[in-house]
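Every chain is numbered from 1 and lettered A, B, ... according to where its sequence line falls, protein lines coming before strand lines. Scope of the values below: all heavy atoms of this structure, side chains included, with no hydrogens, waters or symmetry mates.
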Amino acid sequence: MRKQLMKGNEAIVKSAILAGCRAFYGYPITPASEIAEAAALYMPQTGGVYVQAESEVASINMLYGAASAGVRAMTASSGPGISLMQEGISYMAGAELPCVIADIMRGGPGLGNIGAEQGDYHQVVKGGGHGNYRTIVLAPHSVQEMADLTSLAFDLADRYRNPVVVLADGFIGQMMEPVEFPQAATAPHLPPWAVAGTAASRRNLITSLELDFDRMEKLQLKLEAKYKAAAERETRAEEWQTADADIVLVGYGIMGRILKAVTTEARAAGLKVGVLRPITLYPFPEAALQRLAKTARLFAVVEMSNGQMVEDVKLALNGSRPVEFYSRVGGNVPSQAEVLKFVYELARREGLAKGAARPVAEEERMAHV
Amino acid sequence: MSNETVQDYVVAHGRAKSFYERFERKDELQHQTHFCPGCGHGTVHKMLARVIDELGIQDRTILVGPVGCGVFTYYYFDVGNISAAHGRAPAVATAVKRSRPGSIVIGYQGDGDLSAIGSAEILHAANRGEHVSLIFINNAVYSMTGGQAAPTTLLGQKTTTTPFGRSAANEGYPMHVCELLATLDAPVYIERVGLGDNRQAMQASRAIRRAIENQVNGLGFSLIEVLAPCPTIWKKTPVEAQRWVRDEMEKVYPLGVYCDRTKARMEAGLTQPAVAPTLDQLPGILGVAEADLPEGNAAALVADKPVDLQVRVAGFGGQGVLLLGEVLAEAGLDAGLDVSWLPSYGPEMRSGTSNCHVRLSRKPIDSPLVAAPNLLVAMNEPSLRKFDRAVRDGGWVIYDGDEFPADCVREGLHTFAAPFTRIADELGNKRAANMVMLGSLLEIASVLPEASVAAALHRMVKNPRWMELDERAIARGRELYRASLKEMVSA
Ligand SMILES: Cc1ncc(C[n+]2csc(CCOP(=O)(O)OP(=O)(O)O)c2C)c(N)n1
């Protein structure tokens, strides 16, 4: 199949429309703005709705409205905007409404900066809104996955009637890579529970309110059962040279890419290293980690956060294997050379470095963003 | 509906068709509402249900309920029901109406909901002229939560959070929602009505009907503010509360029409929605139809030669740093290679420096980040000094300058310096320096077929004047490098 060069942020929108998305509501923010811009260009041409909302609070509530009316809808933002959406995400989970939210992460708490970071893991994967709910979270590591996982996100959102977040970082959003799209577009369909302004849907009700304690408990148990079903059926991870790995590197998104490059170099130097890249962050690939714990000596998590996903790795491994952690934040990326150095140190400590050549890469000046 | 004659006048009562027969969504007392005696919400609910009946729109109606005493609209109204988060009904209603333009979308909000927490949503829905109708219940307090102050609380009015009475110094002045929204150009109809006496109530009913009728007629935003009694929180009897609406609230909130563009909008006519394309047209519209993509020139790529270009391009914004990288990546793709292009973005771009990472490889590319390039294109000295030390041993630096700075020279580093900007200027525009440098890069790397470069250029550069210049610039860049080789040989 022929491919074309495209930015991750643009691929999201094209894939969304091909997946039957017909409404986009958003508010500009770097490094996610291209998503809104592409939606503004394509939605009106493809029979969809595009509105630039007055805030992310409004955006997510517009998604609530579109989803209530049975339309596949999406928004996109970055950390500060996702923070504002949390109330609405909780309402949508409570009202069992599907939607897709792209979070193109930037740096720092507060206004921070626009460098690439992975600091939204907690607020997105653990749920930054109130109450007992979860969002399904997909973490693309390439432009192709931006397209593929966006399409999957809509299916999962509908299947589980729940918000799904595509969690990427500024790099994946901004970079261009070859990408291909399905040539058959999915037709929008009206779910039977939607409130669509028709006689057939008149008795339908969308709400997250339930005053009765027992019924509210039942509703939450139902949500929990859905999340459990999603964990059983939808968990995804990529394993890269893990079969014989002594050290399993764990990273998602752009880190997964860097860890692959590290693995190639480390293997060339005689070290048995592999990569586990979670593709779903919720549900988290616990089973894959537990399986690898039977053969690997240790796990090394590398993140562009000060230690968020590493908590889930530790929970999954439950003390069965040591879990080491390396990170850069603030818009800095752990470079291949840095991570390699970290891996060599671990290998030496574990007595795995025998025969492994010393790293040649010298300290580089990473001048990017 | 049943009519019974009482003395010499007829009392009409009974349930509107748009109300459920029995309020089964309610836990107990399913034959009556949850509203207190004398509550304005109950009165307005009845008015609204009658209007829905009269206009024959029950099946099409979607009610977007608030958080507040009006939260249980879905207990009563036998229409499509959506309950919104506190204050967000206008945003929810916006999207419902946009996606289901044939439906009649009615927002229902209290004064805390609309004028405090949801003030942004209502303002912007009104300003966009959303084709929805909004019923706004102003009872001057937060009733649901037990009687705290609202933006609409009157000066001096005691509430649980203004125990000494509302003071302008601490809480500001009562907010006039109709007056505020009437300053906007988009709304079609805005009226404030009251429930202070029967005459006012009759007018309220008419106004609500107008607001919904406007939507049925395809007109835009209508809002009716209803001054409504809340006897329980106000600690008044229903009759006293009704009087307070008329005697006190009305003084602060004058009744009347604040905006009426009904006639003008009717005359302007309705815009017809664009016809949506068919599904099979979508890939073409999105520019992703495979049939529209070029075949490429993979066959022209020299077989067997390993390709692993790891390029960093850096310079000032406006020098075409990103474009140089893009043409390179595009040409690589055309030649059947795996490629990646990653720009620096945001403030860096704005503060004047710019750089990008480009990779071209026969094998799938692991990391798109080029921390240690084997080819650096430095379009100025600061960029050179920023990245030169990261270049791998055996790598190349192409530098825009008469001479490569002596202190940057190191063993194992190949360098090619030329006054690219000046050369581009001589060619016709110094902004083509990036393409001259690309020409040299292509010559140095000597992996990409010329056809791929030409194809990439055609895809990226739309202006024919630039196209012609860029082609000459690339050719000149190739020549420059070839000439330098000859010089070396003859030297
Ligand atoms: C985010 C949020 N903050 C606060 C509340 C609590 N709350 C529920 S109703 C309400 C005020 C309702 O007052 P109003 O809109 O005037 O309606 P009324 O009850 O007077 O009809 C508040 C503050 C909430 N539900 N959500």
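Taking CZ of A:Arg257 as the reference point, atom CG of B:Leu342 lies at 9.5 Å (rounded to 0.5 Å). A distance of 4.5 Å separates CG of B:Asp27 from CZ of A:Arg215, quoted to the nearest 0.5 Å. Distance check, rounded to the nearest 0.5 Å: CD of A:Gln4 to CG of B:Asp334 gives 13.0 Å. With values rounded to the nearest 0.5 angstrom, A:Leu205 atom CG is found 14.0 Å from B:Phe77 atom CZ. In this structure, A:Glu177 CD and B:Ile365 CD1 are separated by 7.0 Å, a value rounded to the nearest 0.5 Å. From A:Gln183, atom CD reaches atom CG of B:Asp280 across 11.5 Å, with rounding to the nearest 0.5 Å.
Across A:Val195 and B:Gly80, no two heavy atoms sit closer than the pair CG1-CA, 3.6 Å. The two residues A:Ala58 and B:Ala91 make their nearest non-hydrogen contact at O-CB, 3.8 Å. Here the closest heavy-atom approach between residue A:Met1 and residue B:Glu290 is recorded as CA-OE2, 3.2 Å. What you find for A:Gly47 and B:Ala276 is that their closest heavy atoms are CA-CB, 3.8 Å. For the pair A:Gly197 and B:Ser103, the tightest heavy-atom approach, listed with the atom from each and the gap, is CA-CB, 3.9 Å. Nearest heavy-atom pair across A:Ala261 and B:Asp366 is CA-OD2, 3.3 Å.
Within the 4.5 angstrom heavy-atom criterion, only backbone atoms of A:Thr198 (N, CA, C, O) approach chain B. Neither the backbone nor the side chain of A:Glu10 comes within contact range of chain B; no heavy atom of the residue lies under 4.5 Å from a heavy atom of that chain. In this structure, the portions of B:Ala85 lying under 4.5 Å from any heavy atom of chain A include both its backbone and its side chain. A:Ser90 does not touch chain B: none of its heavy atoms, backbone or side chain, sits under 4.5 Å away. For A:Ile254, the part lying near chain B is the side chain, with the backbone staying farther off; criterion is any non-hydrogen pair under 4.5 Å. Heavy atoms closer than 4.5 Å to chain B are found in the side chain of A:Ala23, but not in its backbone. Contacts of A:Leu259 with chain B are absent, with no heavy-atom separation under 4.5 Å from either backbone or side chain. Of the atoms belonging to A:Val179, not a single heavy atom falls under 4.5 Å from chain B. Residue contact with chain A, scored on non-hydrogen atoms closer than 4.5 Å, involves the side chain of B:Arg25 exclusively. Looking at B:Arg459, neither its backbone nor its side chain comes within 4.5 Å of chain A, counting heavy atoms on both sides. Neither the backbone nor the side chain of B:Gln281 comes within contact range of chain A, judged by heavy atoms closer than 4.5 Å.
Considering only heavy atoms from C-beta on, A:Leu211 comes within 4.5 Å of B:Phe72 through its side chain. The closest side-chain heavy-atom distance from B:Glu121 to A:Val57 is below 4.5 Å. In this structure, the side chains of A:Lys7 and B:Trp341 come closer than 4.5 Å at one or more pairs of heavy atoms. Annotation: side chain of B:His357 is not in contact with side chain of A:Phe171 (no heavy-atom distance under 4.5 Å). For the pair B:Val288/A:Glu180, no side-chain contact is recorded, criterion being any heavy-atom separation below 4.5 Å from C-beta on. Here the side chains of B:Arg100 and A:Val71 are in contact, with some heavy-atom distance below 4.5 Å. Looking at heavy atoms from C-beta onward, B:Leu282 lies in side-chain contact with A:Ile17 at the 4.5 angstrom threshold.
Every side chain to side chain donor-acceptor pair (under 3.5 Å) that B:His86 has, sequence neighbours left out, goes to B:Asp113. For A:Ser151, there are no side chain to side chain donor-acceptor pair (under 3.5 Å) partners at least two apart in sequence or on another chain.
Counting heavy-atom pairs closer than 4.5 Å to chain B, the top-ranked of the candidates A:Glu54, A:Lys260, A:His141 is A:Glu54. Note: B:Ile82 leads B:Val339, B:Ile82, B:Val96 in heavy-atom pairs under 4.5 Å with chain A. Per-residue counts of heavy-atom pairs under 4.5 Å with chain A were compared for B:Ala125, B:Gly118, B:Pro294; the largest is that of B:Pro294. Per-residue heavy-atom pair counts under 4.5 Å with chain A were compared for B:Asp78, B:Leu63, B:Leu123, B:Val71, and the maximum is reached by B:Asp78. Heavy-atom pairs under 4.5 Å with chain A were tallied for B:Val67, B:Val79, B:Thr94; the largest tally goes to B:Val79. Among the candidates B:Thr278, B:Leu333, B:Val358, the residue making the largest number of heavy-atom pairs closer than 4.5 Å to chain A is B:Leu333. Across A:Arg22, A:Lys14, A:Glu87, A:Arg203, the residue that shares the most heavy-atom pairs under 4.5 angstrom with chain B is A:Arg203.
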Chi angles and distances behind the side-chain contact (heavy atoms from CB on, under 4.5 Å) call for A:Ile258, B:Leu369
CA-CA 8 Å; A:Ile258 296 169; B:Leu369 284 137; 3.3 Å; yes

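With hydrogens and angles disregarded, a donor-acceptor distance shorter than 3.5 Å links the side chain of A:Tyr64 to the backbone of B:Ser83. A distance-only check finds a donor-acceptor pair linking the side chain of A:Arg2 to the backbone of B:Leu293 [under 3.5 Å].
A side chain to side chain contact (heavy atoms under 4.5 Å, CB included) with B:Leu286 is found for one member of A:Leu18, A:Leu41, A:Val13 and no other, namely A:Leu18.
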